[in-house]
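First comes the structure, then the notes that go with it.
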Amino acid sequence: MILALAGGVGGARLANGLVAVLPDDQLTIVVNTGDDSEHLGLSISPDLDTVCYTLAGINNLDQGWGIANESWSLMGAIERLGGDTWFRLGDQDVATHLMRTMMLRDAPLSAVTSFIAGRLGINHRIVPMSDDPVRSMIETDQGVLAFQDYFVRHPAEPRFLSIRLEGVECAKPSPALLDGLENPDLQAVIICPSNPVLSITPILAVGGVRERLMASSAPVVAVSPFIDGRAVKGPAAKIMIELGRATTTEGVIEYYDGLLDGILVHSEESRGLTAEGVAVWSCNTLMASDADQQRLARESLAFASSLR
Ligand code: GDP
Ligand code: CA
């Protein structure tokens with residue numbers, strides 16, 4: 001079986017390719033929940049929703065988050081009542097948050113997520129990194145900001161100093177993640193081209209995840225989110241640079257600090273083995289279409305299997 005680690009948009013794109021090429025019992029998609037928050041009394045899990053909406057084919061392509069063909073009546077009514085409107089929630093999207101909030105009273109996030117994914121017609125396993133709450137807090141030159149405050153309210157403008165993961169000391173991996181990590185049939189771990197700092201670091205920080213991946217005989221392969229040193233979308237490059245890191249093949253390898261056996265990078269860069277002994281594979285990593293997503297999924301699986 002294959003474990004894929006994912007954040008939101010970049011993660012969802014490769015995950016969408018992986019579900020097209022792998023049977024549903026051969027893949028577990030593990031999603032970051034460090035971005036989760038409570039807003040207007042609702043439990044919001046942005047990365048889980050982005051992955052679910054993308055795999056269900058109902059994601060909003062123009063916005064890059066939320067559901068396609070949304071209406072915004074609720075936001076208008078909230079504004080009339082003087083509520084916060086900087087964090088925008090579409091009407092259909094709110095249905096997901098209402099269901100999740102209600103169901104979380106009696107069930108862990110893993111069960112709630114699998115129920116929602118099932119109702120959206122998804123057969124593959126999508127699981128949170130943990131059922132315990134972890135909240136990414138961003139230390140910036142303007143003080144400590146809760147994740148959505150940093151990412152949405154101040155669209156990643158303050159200078160990024162570090163990420164603090166509240167609750168991570170007590171967080172256990174979700175049962176399906178633990179199962180994957182301990183599965184003797186684990187064939188490969190694919191780190192999707194998600195934001196390494198905001199989306200992948202929280203997953204690796206959950207109790208024992210990084211250590212188990214380091215110890216695993218399955219190859220760990222990352223797809224770089226950078227093309228020609230730039231992020232395809234979002235602040236990943238800005239954050240890496242603010243951390244004094246490079247948005248290159250070496251920069252990503254160093255950021256993951258000994259975890260990677262291989263890395264897939266965009267075609268202009270070279271193939272071979274780096275000084276650190278990490279295998280480099282190059283191909284077109286831009287996923288503009290479903291066909292691109294499936295091609296990159298196949299390519300990552302073939303690359304990982306060549307490292308076994
Ligand atoms: P977020 O939670 O929505 O910010 O999404 P992720 O962390 O999963 O993904 C953000 C990253 O995805 C950005 O750094 C982008 O560069 C990367 N990304 C998005 N689309 C693509 C793509 O088609 N190819 C590659 N290589 N990276 C992508
Ligand atoms: Ca996210």
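Both counts, for ligands and for their atoms, begin at 1 and track the order of listing.
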Residue and atom name of the nearest protein heavy atom (relative to [atom]), distance in Å to one decimal:
atom: atom 23 (O) of ligand 1; result: Met287 N, 2.8 Å
atom: atom 4 (O) of ligand 1; result: Phe151 CZ, 4.0 Å
atom: atom 5 (O) of ligand 1; result: Val9 N, 2.9 Å
atom: atom 12 (O) of ligand 1; result: Pro193 O, 2.8 Å
atom: atom 8 (O) of ligand 1; result: Ser194 OG, 2.6 Å
atom: atom 20 (N) of ligand 1; result: Arg13 NH1, 2.8 Å
atom: atom 6 (P) of ligand 1; result: Gly8 N, 3.4 Å

Below 3.5 Å, N or O to N or O, backbone or side chain included: is there any such pair between [X] and ligand 1?
X: Ala236; value: no
X: Gly11; value: yes
X: Phe226; value: no
X: Val223; value: no

Is it true that [Y] and [X] share a donor-acceptor pair across their side chains at a distance under 3.5 Å?
X: Tyr53; Y: Thr96; answer: yes
X: Ser71; Y: Asp91; answer: yes
X: Asp131; Y: Ser174; answer: no
X: Gln187; Y: Asp185; answer: yes
X: Thr140; Y: Gln142; answer: no

CG-CG distance between Asp292 and Leu14, expressed to the nearest 0.5 angstrom: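 The distance works out to 11.5 Å.
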By number and element, which atoms of ligand 1 are closer than 4.0 Å to a non-hydrogen atom of [X]?
X: Asn195; value: 6 (P), 7 (O), 9 (O), 10 (C), 11 (C)
X: Thr285; value: 22 (C), 23 (O), 24 (N), 25 (C), 26 (N)
X: Gly7; value: 8 (O)
X: Leu286; value: 23 (O), 24 (N)
X: Gly10; value: 5 (O), 6 (P), 8 (O), 9 (O), 12 (O), 18 (N), 19 (C)
X: Ala231; value: 14 (O), 16 (O)
X: Lys233; value: 13 (C), 14 (O), 15 (C), 16 (O)

Ile191 reachable from Leu243 in the ILVMFWY side-chain graph, under 4.5 Å edges: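 Yes, because Leu243 and Ile191 connect within a single hydrophobic cluster, where side-chain heavy atoms sit under 4.5 Å apart.
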Grab the two heavy atoms, one from [X] and one from [Y], that are nearest each other, plus how far apart they are.
X: Pro158; Y: Leu145; answer: CG-CD1, 3.9 Å
X: Met287; Y: Gln293; answer: CB-CG, 3.8 Å
X: Val209; Y: Leu177; answer: CG2-CD2, 3.8 Å

Look at atom 28 (C) of ligand 1 and find which of Val232, Leu296, Asp47 reaches it with the closest heavy atom.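 The nearest heavy atom belongs to Val232.
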By atom name, which N, O or S atom of Asp35 is the nearest to the Ca ion (ligand 2)?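 Nearest to the Ca ion (ligand 2) within Asp35's N, O and S set: OD2.
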Quick check: of its N, O or S atoms, which one does Asp47 have closest to the Ca ion (ligand 2)?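 It is OD1 of Asp47.
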May I ask you to identify, for Ser199, whether its side chain, its backbone, both or neither come under 4.0 Å of ligand 1 on a heavy-atom basis?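 Only the side chain of Ser199 comes within reach of ligand 1.
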His266 and ligand 1 - part of the residue with a heavy-atom distance under 4.0 Å: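 Neither; no heavy atom under 4.0 Å.
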Heavy-atom distance under 4.5 Å between the side chains of Leu109 and Leu48, does that happen here?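 Side chain of Leu109 against side chain of Leu48, heavy atoms only: contact under 4.5 Å found.
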Heavy atoms, side chains only, cut-off 4.5 Å: are Val152 and Trp65 in contact?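 Contact flag for Val152/Trp65 side chains = no.
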Heavy-atom count check: over 12 atoms from other residues, nucleotides or ligands less than 6.0 Å from Arg159 CZ?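 Open: at most 12 neighbouring heavy atoms sit under 6.0 Å from CZ of Arg159.
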Does Ser224 come within less than 4.0 Å of ligand 1, judged by its heavy atoms?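 It does; at least one heavy atom falls under 4.0 Å.
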Run the numbers on Thr285 and Glu299 for side chain to side chain contact (heavy atoms under 4.5 Å, CB included), then give the verdict. CA-CA 10 Å; Thr285 69; Glu299 198 113 17; over 6 Å; no
